[in-house]
Amino acid sequence: MMPIPSTLVFVTGGARSGKSRFAEERARQLGGEQVTYLATAQAFDTEMEERIGRHRADRPAPWPTVEEPLEVARVLPTLQTPVVLLDCLSLWVSNALLRGDSEAEILQATADLLGAQRQRGGTLITVTNEVGLGIVPDNALARLYRDVLGRVNQAAAAASDEAYLLVSGLPLRLK
Amino acid sequence: MMPIPSTLVFVTGGARSGKSRFAEERARQLGGEQVTYLATAQAFDTEMEERIGRHRADRPAPWPTVEEPLEVARVLPTLQTPVVLLDCLSLWVSNALLRGDSEAEILQATADLLGAQRQRGGTLITVTNEVGLGIVPDNALARLYRDVLGRVNQAAAAASDEAYLLVSGLPLRLK
Amino acid sequence: MMPIPSTLVFVTGGARSGKSRFAEERARQLGGEQVTYLATAQAFDTEMEERIGRHRADRPAPWPTVEEPLEVARVLPTLQTPVVLLDCLSLWVSNALLRGDSEAEILQATADLLGAQRQRGGTLITVTNEVGLGIVPDNALARLYRDVLGRVNQAAAAASDEAYLLVSGLPLRLK
């Protein structure tokens with residue numbers, strides 16, 4: 001679609017590490033007001049609603065927002081701004097597992113997403129979570145989630161042009 | 001109070017990552033024997049007592065120790081050594097949540113602490129924990145704790161002059 | 001035994017961070033086909049069997065594999081290849097705790113392992129897990145495990161010539 005080359009920026013970190021803020025600053029640097037915010041969050045309860053509301057309030061006003069919990073690869077090519085900020089891969093994986101997608105399906109969907117971005121061109125900034133640095137979780141779904149998300153993160157990071165780990169709000173350059 | 005400028009050193013990492021030892025070495029480099037150890041640990045059970053005892057045994061003998069679980073911003077300006085080693089912010093946040101302080105109160109107390117240090121001058125070395133890199137915890141208090149601590153860590157890291165992430169005893173420079 | 005000097009490469013990271021793959025690439029660079037894979041995994045259930053099977057399938061075919069869940073310091077000097085890939089310290093510590101070894105015994109066994117490598121010479125590449133960056137675990141055995149593993153990792157990292165933290169498949173150089 002666009003004649004400009006595809007650039008992928010990968011931003012990871014723990015909970016409350018400043019990932020979203022850093023990704024928004026990078027989006028503003030690269031796209032100014034020409035940024036679409038692609039949100040994957042779904043509210044299942046009031047705590048989640050409150051978290052989403054807080055994120056929404058923090059977002060710069062002029063950016064259009066598209067909310068898409070699952071079909072990100074299908075929606076991405078329809079977005080017209082040079083820069084898209086996808087927040088976040090970790091909720092996208094969680095949404096897919098909750099509707100019953102298998103690990104193989106989610107890894108295929110990740111490849112489709114990365115392919116859609118290469119075709120679209122422009123810049124995609126992806127936010128994700130690191131969840132594998134604690135004790136092995138007791139429950140099997142949590143173990144499956146950290147395995148699948150770990151593989152999705154590796155695929156996205158491998159395809160990225162820039163990658164950052166956020167720690168206490170400060171970026172460590174990975175790539 | 002002191003005419004020397006304020007310096008803030010931020011040291012974070014996981015459990016048993018060598019944070020306290022690294023912070024103590026940095027304190028010794030910057031202050032020699034002119035260091036006050038400001039401890040926030042409170043023993044609620046024998047495991048905690050044993051952990052505190054172990055930390056105490058590791059501490060260099062000549063440093064005076066002040067134990068203050070909560071009112072750190074009030075105590076800090078009364079300390080007379082050029083260097084203060086605050087170990088740790090994570091227990092301080094835990095103590096505040098356990099007595100019922102709200103997130104807003106704790107963030108205000110963090111701003112007060114950072115302000116008190118700027119006023120005091122000299123060097124403050126703060127140790128803290130990263131707790132947000134595992135699976136989302138099941139219980140709501142743990143989720144609140146990692147949210148609040150994450151914000152406190154971001155505020156302290158943003159105000160710092162030096163920041164380090166310890167991994168397996170080795171420092172990664174963040175800033 | 002061998003006249004060549006001892007080199008220790010330390011590779012850490014979270015679950016699904018790409019540690020094993022990175023360590024295998026480093027082993028291939030340093031040893032080509034002259035690598036022994038020293039595996040500490042023990043299958044207690046079908047999930048673990050499936051994980052071990054997956055790891056085995058990923059391994060380069062020509063490397064001989066020795067499976068030793070506990071007596072690594074005793075086995076290491078008997079291996080004849082210039083490069084040994086030990087995967088992983090974290091399961092080794094888990095196996096030792098499960099048979100009832102104390103923290104002091106495990107730290108002594110770690111010193112023995114590092115000593116055996118210095119005597120053997122050649123290259124030892126060790127893989128391990130970071131497990132201390134989440135919320136404090138509820139159960140006492142998990143807390144003990146992360147304490148002991150943290151100390152083992154610090155000892156190995158301190159003795160290493162190269163050290164890496166893997167994040168989303170990308171290496172951060174620690175040393």
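Chain naming here is simple, since letters A, B, ... match the order of the sequence lines and numbering starts at 1 in each.
Atom CG of B/Leu141 sits about 8.5 Å away from atom CD1 of C/Ile135, to the nearest 0.5 Å. Between the OG atom in B/Ser168 and the NZ atom in C/Lys175 there is a gap of 10.5 Å [rounded to 0.5 Å]. The CG atom of C/Asp138 sits 6.5 Å away from atom CG of B/Asn139, with the distance rounded to the nearest 0.5 Å.
Proximity to chain C among residues 152-166 of chain B is not found for any residue, judged by heavy-atom separations below 4.5 angstrom.
Per-residue heavy-atom pair counts under 4.5 Å with chain C were compared for B/Pro171, B/Gly18, B/Gly13, B/Ser90, and the maximum is reached by B/Gly18. Ranked by heavy-atom pairs shorter than 4.5 Å toward chain C, the options B/Arg146, B/Arg143, B/Glu130, B/Arg16 are led by B/Arg16. Taking C/Asp147, C/Thr128, C/Val136 one by one and counting their heavy-atom pairs under 4.5 Å with chain B, the maximum is reached by C/Asp147. When C/Leu172, C/Val131, C/Leu133 are compared by the number of non-hydrogen pairs under 4.5 Å with chain B, C/Leu133 comes out ahead.
For chain B, no part of C/Leu149 is nearby; none of its heavy atoms comes within less than 4.5 Å.
Residues meeting the salt bridge (charged side-chain N to carboxylate O under 4.0 Å, His left out) test with C/Glu33, sequence neighbours left out: none.
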